[in-house]
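Data first, discussion second: the structure below is written as C-alpha cells.
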Protein chains: 2
Amino acid sequence: MVDLGPYDVLLSVAELGSMGRAAERHGVTQAAVSARIRSLEGALGVTLLERSPRGTRLTPHGALVADWARVAVDAAEALDAGVTSIRSEQAARLRVAASLTVAEYLLPRWLVALRTEHPETSVSLSSRNSTDVAADVLAGAADLGFVEGPAVSDDLDAQVVARDRLTLVVAPGHAWASRRRGIDAERLRATPLVAREHGSGTRAFLEHSVGALAEPALELASTTAIKGAVAAGVAPAVLSSLAVAGELAVGTLVAVHVVGLDLDRRLAAVWPRGRPLAGPAADLVGLATRRREG
Amino acid sequence: MVDLGPYDVLLSVAELGSMGRAAERHGVTQAAVSARIRSLEGALGVTLLERSPRGTRLTPHGALVADWARVAVDAAEALDAGVTSIRSEQAARLRVAASLTVAEYLLPRWLVALRTEHPETSVSLSSRNSTDVAADVLAGAADLGFVEGPAVSDDLDAQVVARDRLTLVVAPGHAWASRRRGIDAERLRATPLVAREHGSGTRAFLEHSVGALAEPALELASTTAIKGAVAAGVAPAVLSSLAVAGELAVGTLVAVHVVGLDLDRRLAAVWPRGRPLAGPAADLVGLATRRREG
DNA sequence: TGGGGTCATAAGCTGCGCTTGTGCCCCTGA
DNA sequence: TCAGGGGCACAAGCGCAGCTTATGACCCCA
C-alpha cells in the first residue's frame with residue numbers, strides 16, 4: 001500500500017513554498033523533508049519540485065501529482081478524523097450520535113475542519129439509527145445528534161445542516177438508464193432492489209414515501225458493496241445522493257427519475273430543547289452549517 | 001499521516017471472510033495480518049472484526065470504519081496507479097497522452113482497473129493539452145490519446161469514452177446561489193472568474209461557447225486551489241462537473257445555471273485513423289467505455 | 001478421535017526513515 | 001565587497017515498527 005506521508009509533505013511544500021517551512025509544519029527536520037521528496041522523485045523518475053535558492057515550486061508534473069495526491073490525502077485525513085472520534089474517549093469533550101448517512105459521508109470532513117479550527121476539542125462518535133440518536137440526546141448520553149428526516153421529537157431543537165436526496169441508481173447498461181422520463185412509483189415498488197442489511201433510516205424513509213417494497217434482491221453490509229452490485233447489474237438500488245455523486249459524475253452509475261416522487265431529505269443537528277447550543281457543540285453545528293450557507 | 005496498510009488489510013479480511021486468505025492476497029503471513037488488525041483495534045479501542053473458528057465478520061463499528069477506509073484506500077490506489085504511469089518507463093507497453101481533465105479525474109481509476117484486468121500492461125502517461133495530444137498520437141509519440149471536445153483531426157479515429165459538463169460554481173453564500181433561473185451568458189462574460197493558470201482546454205472551450213471573458217479575478221495552479229478560492233468567496237469559477245461533483249453533493253459549492261448555454265463536452269479516445277485498435281490500447285479504451293455503457 | 005480450518009502469541013531480525021552535523025549556493029543589505 | 005541568512009543536499013549513526021518463523025489453543029466435522 002502506498003505511503004501517503006511523502007505526498008502529504010509534497011502538498012505542504014507546494015503550499016508553503018519551501019521545504020524548511022513544510023518541515024516545521026510536520027515537526028521534522030528540513031533534511032527529512034528533502035530526503036522524502038528526493039526519494040519520491042527518484043521513484044517516479046521525474047522532478048516534482050523546481051528548487052531555487054529562494055524556495056520551491058511545483059513543476060507541471062508536480063502539479064498533476066499534487067492534484068491526485070490531494071484527493072488521497074484528504075480522504076485519509078477524513079478517515080483518521082473518523083476513527084479518532086470512534087476511540088471511546090472518556091475525556092471526550094463532545095459526544096456526538098449520528099445516523100448512518102451523516103456518519104458515513106459528512107461527519108469525517110466536519111471533524112477534519114473542527115480539528116483545525118478547534119484543536120482542543122475531542123469528539124466521540126457513535127453511529128445509530130435516527131430514533132436511537134434522538135433517544136441518546138434526550139437521555140443525555142450524547143451532547144449532540146445528527147438525524148435524517150424532520151425532527152423526531154418535540155423535546156429537541158433542530159437545525160438543518162445539509163440536504164440529500166434518495167436516488168434510484170442502475171448500471172449504465174440497464175433498461176431504465178435510457179428512459180428520459182424515468183419510471184413510476186408502482187414500478188419501483190414492484191422491483192427487487194439491492195438493499196442494506198438491517199434496513200436503516202434510508203429504507204424506512206423510502207417505504208414511507210412510496211409504500212411497501214418488494215423483497216430485496218440482495219442485502220449487503222456496506223454502501224460500497226451495494227454500489228458494486230448495482231454497477232455489476234445485479235439490481236437497482238436507492239441510495240443517498242451523497243453516496244453516489246462521484247459514480248454519477250463518472251458514469252459508473254446512472255440516476256433514474258421516479259415520477260411524482262420527492263425524495264429530498266433534510267439532515268439536521270438536534271439537541272435538547274431550550275438549552276441553547278454552546279461550546280464544542282455550537283462549534284460543530286456552526287461549522288457544518290457554514291459549509292452549506294457560506 | 002495515517003498508514004493505510006492496516007485498513008487495506010481490513011478491507012481484504014472483510015471481503016474474503018478470513019485473515020488467512022487476506023494474508024495470502026497481500027503476500028504476508030497470517031500472523032502479520034492478525035497483528036495488524038489487533039493493533040488497529042487497539043488504537044481504536046473497539047473491536048472491528050467478530051472472530052469465530054469459521055472465519056471473520058465485520059462488527060457494526062467495523063462496517064463504518066470499512067466504509068470510510070474504502071474511500072481512502074481507493075483514492076490511494078488511484079494515486080499510485082497514476083504515479084506509476086508517470087514513471088518514464090522505456091519498457092512501457094502503452095504510451096498514453098491525455099488532456100488535463102481526463103488525466104486528473106478519469107485516468108487514475110481506469111489505470112487501477114487496467115492493472116487488475118491486465119497486470120502485464122505497463123502504461124506511461126503524459127499530460128498535455130488537447131491539440132498536443134492529437135499531435136503526439138499523429139506523430140507516433142503516443143499510442144493512444146484522450147482529448148476534450150470533438151475530434152481534433154481528420155487523421156484520427158475517435159471513440160467517446162465519457163462526458164462532462166462545464167459547470168459554473170459559486171460559494172453557497174453568493175448572490176447567484178439562490179437564483180433558481182440562473183444567470184445569462186452576458187453576465188458570465190462580464191464577471192471576473194477564478195481560473196487555472198495557462199488556461200487549458202477548459203478555458204478555450206468556454207470562450208468558444210460564450211465569447212471573450214473578463215480578465216480573471218485570480219489565476220491558480222491547481223483545481224483544488226480554485227475550488228478552495230471559490231468556496232472562500234473570492235469569485236465564481238467554471239469547472240468540469242467531474243471536478244465538482246463531490247462539493248455539489250455536500251453543498252460546499254453551488255452550481256449556477258447559465259441560461260441558453262450548453263456546456264456539455266465529449267471526452268474521447270483518439271488513435272491514428274485506419275489502424276484498428278489492438279492490444280493494450282484496445283483494453284484501455286474498452287474498459288473506459290464499459291464504465292459508461294455497462 | 002484425528003485432521004483441517006480458524007486466530008493468537010512469542011522471539012528474533014531487518015531495514016526504513018529519522019536526527020545530527022556539515023557543506024554549498026545564492027541573494028541581500030550594510 | 002563581504003558577511004549573514006535562508007535555501008537545499010549529503011553522510012553517518014541509531015531506534016523502532018513490522019515482518020517471519022514457530023508454536024499453541026480452539027472449534028467443527030468426518
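Order of the sequence lines fixes the chain letters, A, B, ..., with proteins taken first and strands second; residue numbering starts at 1 for each chain.
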Flag, side chain of [X] to backbone of [Y], donor-acceptor distance under 3.5 Å:
X	Y	answer
B:Ser130	B:Ser99	no
B:Thr59	B:Leu48	yes
A:Arg51	A:Leu49	yes

Taking for each residue the nucleotide of DNA chain D with the nearest heavy atom, is it A:Ala35 or B:Val33 whose nucleotide lies nearer the 5' end?
-> A:Ala35
Would you give the length of the straight line joining atom CD1 of B:Ile226 to atom CG of B:Leu218, rounded to the nearest 0.5 angstrom?
-> 8.5 Å
Interatomic distance where [atom1] belongs to [X] and [atom2] belongs to [N] [whole Å]:
X	N	atom1	atom2	value
A:Arg36	D:dA9	CZ	P	15 Å
B:Ile37	D:dA17	CD1	P	19 Å
A:Met1	C:dC16	CE	C1'	18 Å
B:Glu50	C:dA8	CD	P	13 Å
B:His26	D:dG18	NE2	P	15 Å
B:Leu49	C:dA8	CG	C1'	14 Å
A:Asp3	D:dG18	CG	C1'	14 Å

Contact state string [nucleotides 20-30 of chain D, B base, S sugar-phosphate only, - no protein heavy atom under 4.0 Å] | BBB----S---
Does some side-chain heavy atom of [Y] sit less than 4.5 Å from a side-chain heavy atom of [X]?
X	Y	answer
A:Arg203	A:Pro216	yes
B:Val83	B:Leu79	yes
A:Lys227	A:Leu239	yes
A:Leu94	A:His118	no
B:Trp110	B:Val102	yes

Which residues share a side chain to side chain contact (heavy atoms under 4.5 Å, CB included) with A:Arg25, sequence neighbours left out | A:Ser12, A:Glu15, A:Leu16
Side chain to side chain contact (heavy atoms under 4.5 Å, CB included) involving B:Asp74 - partner list, sequence neighbours excluded = B:Arg70, B:Glu77, B:Arg109
Does A:Arg38 place a side-chain N or O at less than 4.0 Å from the phosphate oxygens OP1/OP2 of D:dC10?
-> yes
Please check the phosphate of C:dC7 (OP1 and OP2 only) for any side-chain N or O of B:Ser34 closer than 4.0 Å.
-> no
Touch class at under 4.0 angstrom, heavy-atom based, for B:Thr56 against every strand present | sugar-phosphate
Distances for protein N/O vs nucleotides 11-13 of chain C N/O pairs under 3.5 angstrom?
none

Please name all residues satisfying side chain to side chain donor-acceptor pair (under 3.5 Å) with B:Arg128, sequence neighbours left out, ordered by chain then number.
-> B:Asp136
Check every atom of D:dC8, C:dC7, D:dG18 against the side chain of B:Arg51 and return the nucleotide holding the closest atom.
-> C:dC7
Residues of residues 13-22 of chain A with any non-hydrogen atom less than 4.0 angstrom from an atom of DNA chain C: list those, numerically ordered, please.
-> none
